[in-house]
**Student:** 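Okay, handing you the structure first.
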Amino acid sequence: MKNVRTRFAVSPTGYMHVGGARNALFDWLLAKQKGGQFILRIEDTDQARLNKEAVSHIIDTLKWLGLNWDEGPDNGGPHAPYTQSERLDIYKEWGQRLIKSGRAYTDPYSIEEVESFRQAAQKAKKPFLYREHRPTNPPKWDGNQPLRLKSEPKAYKWHDEVLGELQAGPEAIDDFVLIKSDGFATYNFSHIVDDHLMEVSHIIRSQEFLASVPRYLNLYEALDIQPPVMATLPFIMAPDGKRKLSKRDHAKDVLDYARDGYLPEAIVNFLATLGWNDGTEQEVFSVDELVQKFSLSRVHRGGAKFDEQRLTWLNGAHIRQLNIEELYKRAEKFWPKDAEDAPNEYKKQVLAIVQERLKYLAELPDLTNFFFQGLPVDNSLITSHKQLKKLSVAELKELLTAAKVALKDGDFSVNDLTERLNKLLETTGQKPAVLFSLIRIATTQAPASPGLAETMAVLGREASLLRIEQQIDNLN
RNA sequence: GGCCCCGUCGUCUAGCGGUUCAGGAUAUCUGGUUCUCAUCCAGAAGAUCGCGGGUUCGAAUCCCGCCGGGGUCACCA
């Protein structure tokens with residue numbers, strides 16, 4: 001079987017959102033699964049939209065996602081360079097070949113003239129076809145005018161790994177620009193030359209290119225190149241479902257998810273299952289499982305909306321699957337400020353009891369603040385509690401004092417605390433809803449926290465008792 | 001407007017002529033897990049499979065028409 005080589009061909013115009021990331025992911029999954037190569041190619045042929053920082057930003061994004069490439073602009077490879085602006089001579093040479101074979105010619109018109117043709121077509125409610133204005137005697141190409149393909153309109157049928165058998169009539173074929181007047185090749189030309197030279201076996205791309213495929217097929221023929229296998233991905237739709245997701249819809253930078261504490265494997269899982277599934281009822285996949293199970297033939301034809309709630313759930317599921325050591329590594333940058341000087345072991349204990357509560361790591365400060373710092377006493381937590389607000393200050397003080405006494409001794413382990421708290425229920429005759437709530441509020445000063453015994457065991461005797469005392473002193 | 005693609009619970013989806021007039025997940029709601037939040041468990045509600053024809057003993061699944069949504073028609077990718 002032919003060696004599988006895929007590429008992520010990215011235009012460095014800005015950050016990368018989930019649409020681009022999914023595209024890269026599917027390329028990567030296919031290459032990994034088949035033991036082939038994944039190539040990163042920078043398609044910087046549009047000088048106007050070029051953004052110099054975008055390349056490193058995109059590289060950072062792919063690295064964070066774990067989508068490593070075998071050949072690319074930074075690590076090179078047998079078909080370097082992998083940045084199109086460094087390959088202009090190659091495109092010119094291939095352009096010359098087409099001129100020689102009579103399949104390319106100089107576009108003699110000005111931009112304004114072409115624009116007027118276009119507007120006339122639009123006005124007549126007809127698709128614009130440049131070839132209807134093809135010059136009879138074009139000048140020799142000197143590199144200062146656009147070079148166009150001399151197309152040979154005909155109907156095409158082709159196979160798409162996702163969409164199946166496709167076809168289009170000759171009206172889809174036109175004389176598109178191969179090389180612009182600024183000397184840069186268009187995407188339409190450069191990607192075909194590069195994919196061929198770089199021995200790319202599979203092109204996976206988004207649906208917006210579907211309408212152009214017949215023109216590409218025409219160019220492949222003119223160049224006498226065997227087209228790679230093609231696969232068309234459905235769109236990821238904006239939340240309103242009206243159109244494909246784009247930066248105009250405030251699509252987030254993938255690295256924003258990194259900053260919020262989403263796990264790359266959760267993003268990968270989410271993106272893979274947005275438009276693909278393995279036919280079973282499995283929802284949570286490891287990256288290795290995805291590599292093993294992915295197939296283009298099971299990719300959807302229809303677009304899917306980007307549902308961040310589902311991503312958040314999936315992220316929580318992946319967080320819960322991590323062992324403490326791994327979670328601790330991932331959480332490094334997300335601790336509250338006051339945790340700075342806390343011992344690693346203490347932080348791991350805290351992490352262990354909040355793990356099942358974390359949906360994304362940026363929640364860590366809110367969830368763990370009180371473990372690192374005594375929060376000011378907030379009596380509204382008691383006065384708004386539906387059971388505690390019925391008790392008098394004296395009664396509250398009495399209960400807290402009893403708790404202080406009962407918890408004074410023992411080893412302060414979870415078991416020890418549970419036992420003592422249970423005894424306290426008996427001696428005070430209170431319900432857990434009253435007694436435990438009160439102690440929990442006193443020791444955390446937080447509306448929500450992990451279980452009482454677990455929390456106090458981590459906080460330790462000193463802090464726990466001190467906080468109970470502070471609560472007593474501040475009741476009024 | 002031409003051409004092309006798509007159309008199953010709010011959302012992501014299973015389903016590829018009959019064990020499925022629809023399964024799972026998520027989101028929502030309810031109950032349970034000695035306190036809160038979360039996890040977990042149980043349960044509820046939620047899709048006349050875009051609509052209308054046809055083929056067939058039988059269709060979400062095949063065919064046709066219509067409607068709806070999207071893409072494309074750049075010296076952008």
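Letters A, B, ... are given to chains in the order of the sequence lines, protein chains preceding strands, and every chain is numbered from 1.
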**Student:** Closer than 4.0 Å, any side-chain N/O of Arg148(A) to the OP1 or OP2 of C75(B)?
**Tutor:**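 So the side-chain polar atoms of Arg148(A) do come within 4.0 Å of the phosphate oxygens OP1 or OP2 of C75(B), strictly under.
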**Student:** Quick one: Ile179(A) CD1 to A77(B) P, roughly how many Å, whole number?
**Tutor:**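 Between P of A77(B) and CD1 of Ile179(A): 13 Å.
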**Student:** A77(B) phosphate, OP1 or OP2: any side-chain N/O from Arg41(A) under 4.0 angstrom?
**Tutor:**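 For A77(B), OP1/OP2 do not have a side-chain N/O of Arg41(A) under 4.0 Å.
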**Student:** Return the 5'-most residue of the pair Gly302(A), Ala124(A) with respect to RNA chain B, ranking by each residue's nearest nucleotide.
**Tutor:**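 Closest to the 5' end, via its nearest nucleotide, is Ala124(A).
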**Student:** Taking atom NZ of Lys247(A) as the centre, does the number of heavy atoms from other residues, nucleotides or ligands within less than 6.0 Å exceed 12?
**Tutor:**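 Counting other residues, nucleotides and ligands, NZ of Lys247(A) exceeds 12 neighbours.
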**Student:** If the cut-off is 4.0 Å, is Asn277(A) near the phosphate of A14(B), judged by side-chain N/O to OP1 or OP2?
**Tutor:**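 Yes, such a contact exists.
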**Student:** Output the residues of residues 303-324 of chain A in contact with RNA chain B, where contact means a heavy atom of the residue under 4.0 Å from an atom of the strand; sort by number or write none.
**Tutor:**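 Under 4.0 Å from RNA chain B: Ala304(A), Lys305(A), Asp307(A), Gln309(A), Arg310(A), Trp313(A), Arg320(A).
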**Student:** So, is His300(A) close to the U13(B) phosphate, meaning a side-chain N or O under 4.0 Å from OP1 or OP2?
**Tutor:**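 Yes, within the criterion.
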**Student:** What's Leu452(A) touching, base or sugar-phosphate or nothing? Going by heavy atoms closer than 4.0 Å.
**Tutor:**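 Leu452(A): base contact, heavy atoms under 4.0 Å.
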**Student:** Does Thr45(A) make a side-chain N or O approach to OP1 or OP2 of A77(B) shorter than 4.0 Å?
**Tutor:**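 Answer yes for this pair, as a side-chain N or O of Thr45(A) is under 4.0 Å from OP1 or OP2.
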**Student:** State whether the distance check finds a donor on one side and an acceptor on the other, under 3.5 Å, for side chain Ser181(A) versus base C75(B).
**Tutor:**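 Indeed, a donor on one side and an acceptor on the other fall under 3.5 Å apart.
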**Student:** Ignoring backbone atoms, establish whether Arg118(A) has a side-chain N or O less than 4.0 Å from OP1 or OP2 of A74(B).
**Tutor:**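 So the side-chain polar atoms of Arg118(A) do come within 4.0 Å of the phosphate oxygens OP1 or OP2 of A74(B), strictly under.
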**Student:** What contact category does Gln167(A) fall into here, base, sugar-phosphate, or nothing, at under 4.0 angstrom with non-hydrogen atoms?
**Tutor:**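 It contacts sugar-phosphate atoms only.
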**Student:** For nucleotides U20(B) and U8(B), find the distance between their C1' atoms and express it as a whole number of Å.
**Tutor:**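 Rounded to whole Å, the distance is 13 Å.
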**Student:** Considering the options Asp107(A), Asp175(A), Asp174(A), which one meets the salt bridge (Lys or Arg N to Asp or Glu O under 4.0 Å) requirement together with Arg148(A)?
**Tutor:**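 Of the listed options, the one satisfying the test is Asp107(A).
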**Student:** Return no unless some side-chain N or O of Lys180(A) is found under 4.0 Å from OP1 or OP2 of A77(B).
**Tutor:**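 The answer is yes; a side-chain N or O of Lys180(A) sits under 4.0 Å from OP1 or OP2.
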**Student:** What is the distance, rounded to the nearest whole Å, between atom CZ of Arg301(A) and atom P of C12(B)?
**Tutor:**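 These atoms are roughly 16 Å apart.
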**Student:** Under 30°, 30 to 60°, or over 60°: which ring-plane class applies to Phe372(A) and Trp335(A), parallel, tilted or perpendicular?
**Tutor:**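 It falls in the perpendicular class, over 60°.
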